[in-house]
Amino acid sequence: MFNILFLFVIIPVLTLGALFLTRSVKQVQAVAATGASLLLIAAIYLCYAFIGERQLNPDAAMLFCNEPIMWFESLNIHIAVGVDGISVLMILLSAIIVFTGTFASWKIQPLTKEYFLWFILLSTGVFGFFISIDLFTMFMFYEVALIPMYLLIGVWGSGNKNYAAMKLTLMLMGGSAFLLISILGIYYHAGETMNLVEIAHNGVDLEWQNWLFAAAFVGFGVLGAMFPFHTWSPDGHASAPTAVSMLHAGVLMKLGGYGCFRVAIYLMPAAAHQLGWIFMILTGISVVYGAFAACVKTDLKYINAYSSVSHCGLVLFAILMLNQTAMSGAVMQMLSHGLMTALFFALIGMIYGRTHTRDVREMGGLMQIMPFLSVGYIIAGLASLGLPGLSGFVAEMTIFFGSFENTTVYNAVLGDGNLFRHAFAIVTTTSIVITAVYILRVVGKLLFGKVQNEHHRQLDDAHWYERFSTISLMIAIALIGCFPDFANLILRDSFGPIVDHIMNYAL
């Protein structure tokens with residue numbers, strides 16, 4: 001029987017093949033839009049199929065698993081796929097961002113065909129990463145997702161794009177080196193298997209867990225923009241073309257949070273209890289530092305980039321709380337942040353394409369010039385600062401509720417783990433206030449301030465493809481904020497066994 005999960009690799013590969021055969025820009029646009037639409041339809045269908053399958057198999061660790069196909073026998077590497085609720089939501093997020101990013105890139109120039117080839121290849125790596133349950137295959141798709149970023153920024157980016165592309169590539173490849181070390185260590189100290197479910201069942205040798213946990217968390221943490229490894233992210237965001245920024249912040253950075261949870265914490269829970277407090281300090285710094293840095297920037301992309309550092313730090317911070325409520329909030333935050341930061345970058349790219357500047361000081365009064373884009377920016381800003389009714393509120397409140405739950409986490413190491421966790425939770429909640437400061441400051445100056453350049457009065461508002469892209473994201477943000485039970489229904493039975501497994505290793 002055909003496994004639906006293979007569609008998320010087959011569709012992008014077929015799209016790549018069709019793109020090679022195109023001869024005009026219109027053909028490129030049609031093929032890219034068709035491929036992105038099919039991925040979104042498949043992701044929506046997967047959500048409903050998963051809910052039905054979960055009701056039949058409430059205790060299964062992974063669903064839609066295939067019979068592992070031997071790929072490299074000497075190292076016991078298989079092509080093995082499977083998903084739980086966390087993976088399904090990340091696949092849905094990826095499909096939405098690829099779909100909207102395709103329309104945000106509708107008029108990309110030059111080399112339109114080549115751009116979409118690299119863009120679709122990047123998305124292939126993303127989808128492959130989320131469906132893989134073999135560590136080596138997951139790592140392979142991880143690399144496939146990272147490599148196209150260099151060319152997408154270096155060729156189609158703006159500003160100091162060569163520096164940004166090289167810095168991003170070197171830092172993420174450095175993180176990959178830590179990941180490879182960790183994966184090989186896990187393989188040799190967990191029964192010489194690469195299968196995630198088997199490794200969790202066998203357990204990793206306790207003598208090696210601390211070292212391997214640190215390597216895995218740092219490796220994935222680099223992509224998650226964890227302090228002090230975050231510096232590639234703002235430069236990469238600032239120089240990337242619009243849709244690449246959307247995919248970069250909306251999905252690629254989620255690979256970091258997903259990997260920290262799926263590999264570092266789930267496979268090495270004893271080390272998570274022993275060393276998690278160290279990384280909690282680093283992620284807490286990311287949350288507050290990113291918010292403060294956004295306050296002092298004047299470039300719209302840098303403001304949103306540092307905001308992403310803060311919000312993605314909140315994801316890692318929640319995961320390290322090691323309880324079900326906070327971890328559920330982390331997944332909701334990945335989903336929420338992916339959508340709202342994609343909307344931000346889409347709008348910033350559209351504004352920049354008209355004004356040819358991203359400096360807040362050189363713009364003003366855009367509400368009267370381009371009202372559609374301005375309203376979209378307000379909605380993205382309100383979601384970012386956590387307005388009730390939008391996705392940011394649901395995610396952040398779940399995280400903070402989970403942060404104040406009393407557990408025995410870190411007690412063996414710190415004496416009173418709850419005091420430590422609660423203290424850092426209080427520190428991170430200050431980011432809500434700081435976020436409101438820079439969002440309202442930018443909205444006030446950019447949209448409602450005095451028009452700084454009279455030539456801006458002649459600019460047009462969003463075109464149909466831009467409206468279609470941004471409206472899709474706005475609807476998704478509102479739906480999650482008003483109807484979070486859909487996401488909770490998908491997550492409901494996924495966290496219980498994982499959290500029980502983690503807590504069984506409490507020291």
Side-chain angles (χ1 to χ4, degrees), residues 3 5 50 53-54 56-88 90 129-142 179-217 219-220 258-276 319-320 322-324 327-328 331 408-409 491-507:
N3 192 319
L5 298 182
F50 178 85
E53 189 71 16
R54 176 58 81 187
L56 298 175
N57 300 283
D59 299 323
M62 291 284 180
L63 298 178
F64 299 109
C65 296
N66 69 314
E67 187 67 30
I69 303 168
M70 181 60 71
W71 189 17
F72 195 71
E73 188 172 357
S74 61
L75 289 177
N76 198 22
I77 297 173
H78 295 79
I79 297 175
V81 299
V83 291
D84 62 3
I86 306 159
S87 313
V88 169
M90 292 300 99
F129 178 86
F130 286 130
I131 67 174
S132 297
I133 58 174
D134 180 274
L135 271 180
F136 183 84
T137 310
M138 180 184 286
F139 179 76
M140 180 196 73
F141 279 114
Y142 180 87
L179 283 181
L180 185 58
I181 292 170
S182 179
I183 288 171
L184 293 175
I186 292 170
Y187 170 78
Y188 284 111
H189 296 284
E192 297 194 357
T193 177
M194 291 281 187
N195 189 283
L196 284 168
V197 179
E198 293 177 5
I199 294 170
H201 181 265
N202 296 342
V204 180
D205 190 337
L206 293 176
E207 295 181 2
W208 286 88
Q209 273 203 31
N210 284 359
W211 296 102
L212 299 176
F213 172 84
F217 208 98
F220 282 114
Y258 181 88
C260 286
F261 170 75
R262 182 72 74 196
V263 178
I265 291 177
Y266 180 51
L267 300 186
M268 292 166 285
H273 286 275
Q274 185 73 24
L275 300 179
I319 290 171
L320 289 164
L322 304 183
N323 66 62
Q324 184 167 341
M327 287 182 173
S328 298
V331 177
T408 58
V409 176
L491 290 174
R492 183 174 299 162
D493 295 315
S494 297
F495 273 110
I498 294 173
V499 173
D500 290 343
H501 172 73
I502 292 171
M503 295 310 296
N504 285 337
Y505 286 83
L507 300 178

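Quantities reported herein were computed from a predicted structural model and do not represent experimental measurements. Start at 1 with the first residue, then count along the sequence.
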How about [X] and [Y]: are their ring centres within less than 6.0 Å of each other?
X: F139; Y: F129; value: no
X: W71; Y: H78; value: no
X: F141; Y: F130; value: no

Heavy-atom distance under 4.5 Å between the side chains of [X] and [Y], does that happen here?
X: I86; Y: F261; value: yes
X: L206; Y: Q209; value: yes
X: D134; Y: I79; value: no

Applying side chain to side chain contact (heavy atoms under 4.5 Å, CB included), run through F136 and F72 and close with a yes or a no.
CA-CA 10 Å; F136 183 84; F72 195 71; over 6 Å; no
Could you report the tightest heavy-atom contact between [X] and [Y], atom names first, then the distance?
X: F50; Y: G85; value: CZ-N, 3.2 Å
X: L5; Y: F64; value: CD1-O, 3.5 Å
X: L322; Y: I265; value: CD2-CG2, 3.8 Å
X: L179; Y: A216; value: CD2-O, 3.8 Å

Donor-acceptor list for residues 190-200 side chains, cut-off 3.5 Å, not counting sequence neighbours:
unit_1 : atom_1 : unit_2 : atom_2 : d
T193   : OG1    : N195   : N      : 3.2
T193   : OG1    : E198   : OE1    : 2.6
N195   : OD1    : V197   : N      : 3.0
N195   : OD1    : E198   : N      : 3.2

Quick check for you: to the nearest 0.5 Å, what is the distance between [X] atom [atom1] and [Y] atom [atom2]?
X: D205; Y: I186; atom1: CG; atom2: CD1; value: 12.0 Å
X: M268; Y: H273; atom1: CE; atom2: NE2; value: 13.0 Å
X: C260; Y: F217; atom1: SG; atom2: CZ; value: 4.0 Å
X: I319; Y: F220; atom1: CD1; atom2: CZ; value: 11.0 Å
X: M138; Y: I183; atom1: CE; atom2: CD1; value: 8.5 Å
X: I131; Y: M90; atom1: CD1; atom2: CE; value: 15.5 Å

I'd like to know whether L491 forms a side chain to side chain contact (heavy atoms under 4.5 Å, CB included) with V88, so could you lay out the CA-CA distance, the side-chain angles of the two residues, the decisive distance to 0.1 Å, and finally the verdict.
CA-CA 9 Å; L491 290 174; V88 169; over 6 Å; no
Can a donor-acceptor pair be found between the side chains of R262 and Y258 at a distance below 3.5 Å?
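Their side chains do contain a donor-acceptor pair, which is all the 3.5 Å distance test asks for.
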Any side-chain donor near an acceptor of the partner, E53 and N57, under 3.5 Å:
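Yes, a side-chain donor-acceptor pair sits under 3.5 Å.
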With sequence neighbours left out, write down each residue that passes side-chain hydrogen bond (donor to acceptor under 3.5 Å, both in side chains) with S132, or none if nothing qualifies.
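So S132 forms no side-chain hydrogen bond (donor to acceptor under 3.5 Å, both in side chains) with any residue.
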With side chain to side chain contact (heavy atoms under 4.5 Å, CB included) as the criterion, how do L63 and D84 come out once you've worked through the C-alpha distance, each side chain's angles and the decisive distance to 0.1 Å?
CA-CA 6 Å; L63 298 178; D84 62 3; over 6 Å; no
Check whether any side-chain N or O of N66 sits under 3.5 Å from a backbone N or O of V81 as a donor-acceptor pair, and report yes or no.
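Judged by distance alone, yes, a pair lies under 3.5 Å.
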Aromatic rings H189 and W208: how do their planes relate, parallel, tilted or perpendicular, breaks at 30° and 60°?
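It falls in the parallel class, under 30°.
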Take C65 and I133, measure what side chain to side chain contact (heavy atoms under 4.5 Å, CB included) needs, and give me the verdict at the end.
CA-CA 9 Å; C65 296; I133 58 174; 4.2 Å; yes
